[in-house]
Amino acid sequence: AQTVTQSQPEMSVQEAETVTLSCTYDTSENNYYLFWYKQPPSRQMILVIRQEAYKQQNATENRFSVNFQKAAKSFSLKISDSQLGDTAMYFCADFYNNNDMRFGAGTRLTVKP
Amino acid sequence: DVKVTQSSRYLVKRTGEKVFLECVQDMDHENMFWYRQDPGLGLRLIYFSYDVKMKEKGDIPEGYSVSREKKERFSLILESASTNQTSMYLCASSINLGTQYFGPGTRLTVL
């Protein structure tokens, strides 16, 4: 089965610093999409950022950016100027075949004041 | 904004009971999904539906069934709840191209 791997179960960062969350995937599809979702404590899961595999340019959304290395099948999330509200579980996911999204096990990020 | 709602945030049931989890979305999305979320395992797909009355098995369909009689509503049914079905259940919907919108989740405890 194709899998998404997040090798860091837990991470912490000081407020205002930068942190990078790792993700690797192993899809053999040519057309696919990659996602980072955020799940704050006791709150709804929301989309952070998304990357189309055919695009070479790394996606960015304000303080969130990705480092997409297609050949290495790596898709890391960088959070700049970390804020207390960034404390959450972060899930990496890939999507292909029009409906089949696979999630990693998640990384629990704590931003410390 | 897309809104996905789930009927309960917390639910406690007894072994052997029939359990219904309801999910409603208000954006006319074709696709709807049920996941369960367990620590260390991420989200695992139980069932999904790409149209009314259509359903497809996900990775872990055993012990579950689903119903989609209307486009906006997708129900997950546990025919005879068991303790190993204690989990967080997440519903999601999407149009196409992957981006899924999630409900707040239902934390089910089976005693």
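Everything numeric in this text was worked out from a predicted model, so none of it was measured. Residue numbers start from 1 in every chain, and the chains themselves are labelled A, B, ... in the order their sequence lines are given, proteins ahead of strands.
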I want to check something: taking the side chain as every heavy atom from C-beta on, are [X] and [Y] in contact at a cut-off of under 4.5 Å?
{"X": "A:Gln44", "Y": "B:Tyr101", "answer": "no"}
{"X": "A:Met101", "Y": "B:Phe33", "answer": "no"}
{"X": "A:Ile46", "Y": "B:Phe102", "answer": "no"}
{"X": "A:Phe91", "Y": "B:Gln37", "answer": "yes"}

- [ ] Check each atom of B:Arg107 against the heavy atoms of chain A and say whether the ones under 4.5 Å are side chain, backbone, both or neither.
- [x] neither
TODO: Spell out, as yes or no, whether a donor-acceptor pair under 3.5 Å connects the side chain of A:Tyr33 to the backbone of B:Thr99.
DONE: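 No, because the side chain of A:Tyr33 does not come within donor-acceptor range (under 3.5 Å) of the backbone of B:Thr99.
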Got more than 12 heavy atoms from elsewhere within 6.0 Å of [atom1], [X]?
{"X": "B:Arg9", "atom1": "CZ", "result": "yes"}
{"X": "A:Asp81", "atom1": "CG", "result": "yes"}
{"X": "B:Arg14", "atom1": "CZ", "result": "no"}

Open item on the list: Suppose a student defines contact as a heavy atom less than 4.5 Å from any heavy atom of chain A. Which residues in residues 59-90 of chain B would they list?
Closed with: B:Asp59, B:Leu90
TODO: Take A:Met45 and B:Leu43 through the test side-chain contact (heavy atoms from CB on, under 4.5 Å) and record every step on the way to the result.
DONE: CA-CA 11 Å; A:Met45 187 160 336; B:Leu43 278 69; 3.8 Å; yes
Task: Selection from B:Gly105, B:Gly58, B:Ala92, B:Pro104 maximising heavy-atom pairs under 4.5 Å formed with chain A - done: B:Pro104
TODO: May I have all residue pairs that pass disulfide bond (SG atoms under 2.5 Å apart) and include part of residues 34-69 of chain A, sequence neighbours excluded?
DONE: none
- [ ] Taking all heavy atoms of B:Gly40 and all of A:Ala105, pick out the closest pair and write down the distance.
- [x] O-CB, 3.4 Å
Grouping I, L, V, M, F, W and Y whenever their side-chain heavy atoms are under 4.5 Å apart, do [X] and [Y] come out in a common cluster?
{"X": "A:Val19", "Y": "A:Phe75", "result": "yes"}
{"X": "B:Val4", "Y": "B:Leu108", "result": "no"}
{"X": "B:Tyr50", "Y": "B:Tyr35", "result": "yes"}
{"X": "A:Leu47", "Y": "B:Met32", "result": "no"}
{"X": "B:Phe48", "Y": "A:Tyr37", "result": "yes"}

- [ ] Could you tell me which residues satisfy ring pair (Phe, Tyr, Trp, His ring centres under 6.0 Å) with A:Tyr32, sequence neighbours excluded, listed by chain and number?
- [x]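 With neighbours one apart ignored, the set is A:Tyr25.
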Open item on the list: With salt bridge (Lys or Arg N to Asp or Glu O under 4.0 Å) as the rule and sequence neighbours excluded, what pairs involving residues 34-45 of chain B come up?
Closed with: B:Arg36-B:Asp38, B:Asp38-B:Arg44
Task: A:Glu52 versus chain B, the contacting section by heavy-atom distance below 4.5 Å - done: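 No part of it gets close to chain B.
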